[in-house]
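Take a look at the structure set out below.
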Amino acid sequence: MTTPDLPAPSDFIRAIVAQDLTAGKHGGRVVTRFPPEPNGYLHIGHAKSICLNFGIANEHHGVCHLRYDDTNPTTEDPEYVQAIQEDVRWLGFEWGDKLFYASDYFEQLYLYAVQLIKKGKAYVDSLSAEEIRRYRGTLTEPGKDSPYRTRSVEENLDLFRRMRADEFEEGAHVLRARIDMASPNINLRDPVLYRILRAHHYRTGDKWCIYPTYDYAHPLSDAIEGITHSICTLEFEDHRPLYDWVIEQCDTPHRPQQIEFARLNLSHTVMSKRKLLELVEKRYVAGWDDPRLPTLKGLRRRGYTPEAIRAFCEHIGVAKRDATIEAALLEHFIREDLNRRAPRVMGVLRPLRVVIDNYPEGQVEEVEAVNNPEDPRMGTRKVPFSRVLYIEREDFREDPPKQFFRLAPGREVRLRYAYIIQCTGVVKDERTGEVVELRCTYDPQTRSGSAQAGRKVKGTLHWVSAAQALEAEVRLYDSLLQNSVGGPTDAQDFTAQLNPHSLERLTGCRVEPSLAGSSPGHRYQFERQGYFCVDPDSTKDRLVFNRTVSLKDTWAKVEKAQRGEESG
RNA sequence: UGGGGGAUCGUCUAGUGGUAGGACGUCAGACUCUGGAUCUGACUACCUAGGUUCGAGUCCUAGUCCCCCAGCCA
């Protein structure tokens, strides 16, 4: 985590904070907040905001509040409240006792509203929703005053009190700010401050039937908590005059400053709550923690580490221009992290049986394997080797193309940490012609670590000993969307862009016996393949792995280029 | 000719009048018992047009393009 006084990432928001500090603007305090609405799970876009808000606070020995923006009970759910806290903690941030809810301020907010009415700055409007929309005007035409705009303070007070007292139907009245129906900024055309919602609130129960809107509750919540810098995304930029209006008119003791930055867009995935919800509800994915989703829960299940996500968030920067980060950048950070930390292991995804004809039947020897060449402290382990093995089906070609350094009839390769073998025969299924087994011989002189082991071969393969191998299921993931799009303006039916091959389940995979008993959440590098994470679906008898990300695959590039030449 | 924002390598991002830098990516090579990692090298950018200036990505003028806003959502 960011340590105070170390050189921090620099961006325009941090520059503003630093300037404010120098100017003594908030008495030297820095208080930020992360204000999620509990109506969905957190995703990596939220992670950017979390890292920003908590990061800035930490850098200045300040605090960052976790505050739920729970002003709309019709869409919010306590399920999300719990999940959000878990996710923020998992990401590595602590809010101490600074856990708040906008609903904690409902009474204060109501009192402020009464003051606004008394000042003539708010009124009860009895137009229908549809009428309000029509009276609002358009982007190019000014709005018209509601006929109720001129109600007396007394009448407004009475009506507002009775709204609270549950005397009206939903939609009968709203409380609106009296600002300017002709403002070129539509947000200033008498925005709604309170609406009647006869909904049960998960925290305040049935105490309230009127609820404040975001535009009213948010600035006041910030002010009440003494937030100094209220950081939000760009779409709220033209709400800032309203934010400031509310603070000004309510004459709060603190004057927080709203600053906007560009939200995170990631290629090949979706980030909007609406779309994520749709994917979950319509069962395009298995749930909020589906490893294909950019939700924090999904990324965690996929095998992403909080460290990698934080490193990603720190490196993408903070600016005001719309940007879409390539998914490859996120992958870079998880590879970088896991390369350092993940123990190596051998696992065969699509097994091809290999019999070493000149290896003694029934013999098993143990070869020593390095757990992590990047970190000698992680030690070594023993891996059983015997006459019958499995190698990766794609590591054998009967008719090898150029540059194919792996096994083929007559060819030699090294088995990682073991012997050099030569392919002497190919056994095929008589009916299908499919290669079902390889016959090989080994060179006893070439065992890894032995004096004569120095002979060079072009390829090294991973393998498992058939008798000792554990059977496993492996889930391979590809991007959620086929195209890189995913921006906020793409087609309404984004589901047409879903990648039909985003999930591939492999059963009958074989992994080395050292993996026995590995528990969910453990991460490994399967040598030559990628990083894998034990899934909670694992049972005592059968491990399930999620592929977090593949290793970079130079051969795949070479082969693709070769194909391109052929067809071109 | 409504308002608010924004334009720098393929993608992000620095640069606030003085050599356009970094990361990812891509390509080429070295090394390698992971075609991983690592290490070299290369690649490609200031939206346009004028102007100010010894000097402009930065300042000025005029354009162009992109994003956001007409919820009793946030």
Side-chain angles (χ1 to χ4, degrees), chain A residues 9-11 35-37 39 69 71-72 74-76 125 127-129 132-134 136-143 170-171 173-176 183-189 191-197 210-211 213-215 217-218 232-241 260 262 267 273-274 315-333 335-336 339-340 344 346 370 373-374 403-406 413-418 420 446 448-449 453-454 456-462 484 487-489 525-530 550-558:
Chain A
S10 108
D11 54 67
E37 186 191 12
N39 68 348
D69 239 331
T71 57
N72 187 351
T74 63
T75 59
E76 294 155 10
D125 195 357
L127 252 25
S128 70
I132 287 181
R133 189 180 64 72
R134 279 205 304 270
R136 186 154 32 225
T138 69
L139 294 179
T140 52
E141 300 162 297
E170 272 192 22
H173 309 282
V174 290
L175 183 74
R176 301 180 71 177
S183 171
N185 181 345
I186 289 184
N187 295 297
L188 262 19
R189 318 240 262 231
V192 171
L193 269 22
Y194 272 90
R195 73 283 214 198
I196 299 172
L197 253 29
I210 57 171
Y211 292 92
T213 56
Y214 166 88
D215 281 319
H218 199 82
C232 63
T233 43
L234 251 29
E235 68 268 28
F236 294 107
E237 209 155 17
D238 46 19
H239 290 237
R240 190 177 349 122
E260 311 85 11
S267 73
K273 278 185 180 179
R274 196 212 96 214
H315 279 80
I316 55 176
V318 178
K320 294 195 72 160
R321 70 184 86 105
D322 293 311
T324 299
I325 311 284
E326 289 175 342
L329 188 62
L330 216 210
E331 293 186 343
H332 162 77
F333 283 103
R335 284 196 186 102
E336 184 180 71
N339 176 49
R340 276 186 296 112
R344 294 316 85 148
M346 290 196 283
V370 173
E374 304 294 319
Q403 309 286 312
F404 187 81
F405 300 149
R406 283 111 96 140
V413 292
R414 171 171 290 285
L415 293 180
R416 180 84 157 144
Y417 297 124
I420 291 175
T446 57
S448 291
K456 297 284 184 197
V457 285
K458 274 189 187 156
T460 299
L461 309 187
H462 61 277
S484 67
T489 57
Q525 182 195 99
F526 286 8
E527 292 214 26
R528 304 208 308 130
Q529 309 248 40
S550 68
L551 252 27
K552 286 194 187 168
D553 191 346
T554 305
W555 165 240
K557 279 183 193 171
V558 172

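A note on names: the letters A, B, ... follow the listed sequences, proteins ahead of strands, and every chain is numbered from 1. Remember, it's a predicted structure, so these values are computed and weren't measured experimentally.
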Rounding to an integer number of angstrom, what distance separates B:C59 and B:G2 when you compare their C1' atoms? 29 Å

P spacing across the pair B:G21 / B:U64, given as an integer number of angstrom: 33 Å

What is the distance, rounded to the nearest whole Å, between atom CG of A:L197 and atom P of B:C72? 12 Å

CG of A:D215 versus P of B:C72: gap in Å, rounded? 10 Å

Just confirming the chi classification of B:G71, syn or anti, using 90° around 0 as the syn window. syn

Here's a test of your reading of the structure: between A:R344 and A:E326, which maps to the more 5' nucleotide of RNA chain B? A:E326

Determine the Euclidean distance between corresponding C1' atoms of B:U16 and B:U11; express it in Å to zero decimal places. 25 Å

For A:I196 and B:C72, give me the distance from atom CD1 to atom P, rounded to whole Å. 14 Å

Would one find a side-chain N or O of A:R176 under 4.0 angstrom from OP1 or OP2 of B:C72? no

Parallel, tilted or perpendicular: which fits the ring planes of A:F333 and A:H315, with parallel below 30° and perpendicular above 60°? tilted

Distance check needed: B:C66 C1' versus A:D322 CG, whole Å only. 8 Å

Measure CZ/A:R335 against C1'/B:G35 and give the value in whole Å, please. 14 Å

Residues A:E170, A:R195: salt bridge by 4.0 Å N-O rule: no

Ring centres within less than 5.5 Å and planes less than 30° apart: is that true of A:Y214 and B:A74 in this structure? no

Upstream residue (5' side of RNA chain B) when A:N185 and A:A323 are each assigned their closest nucleotide: A:N185

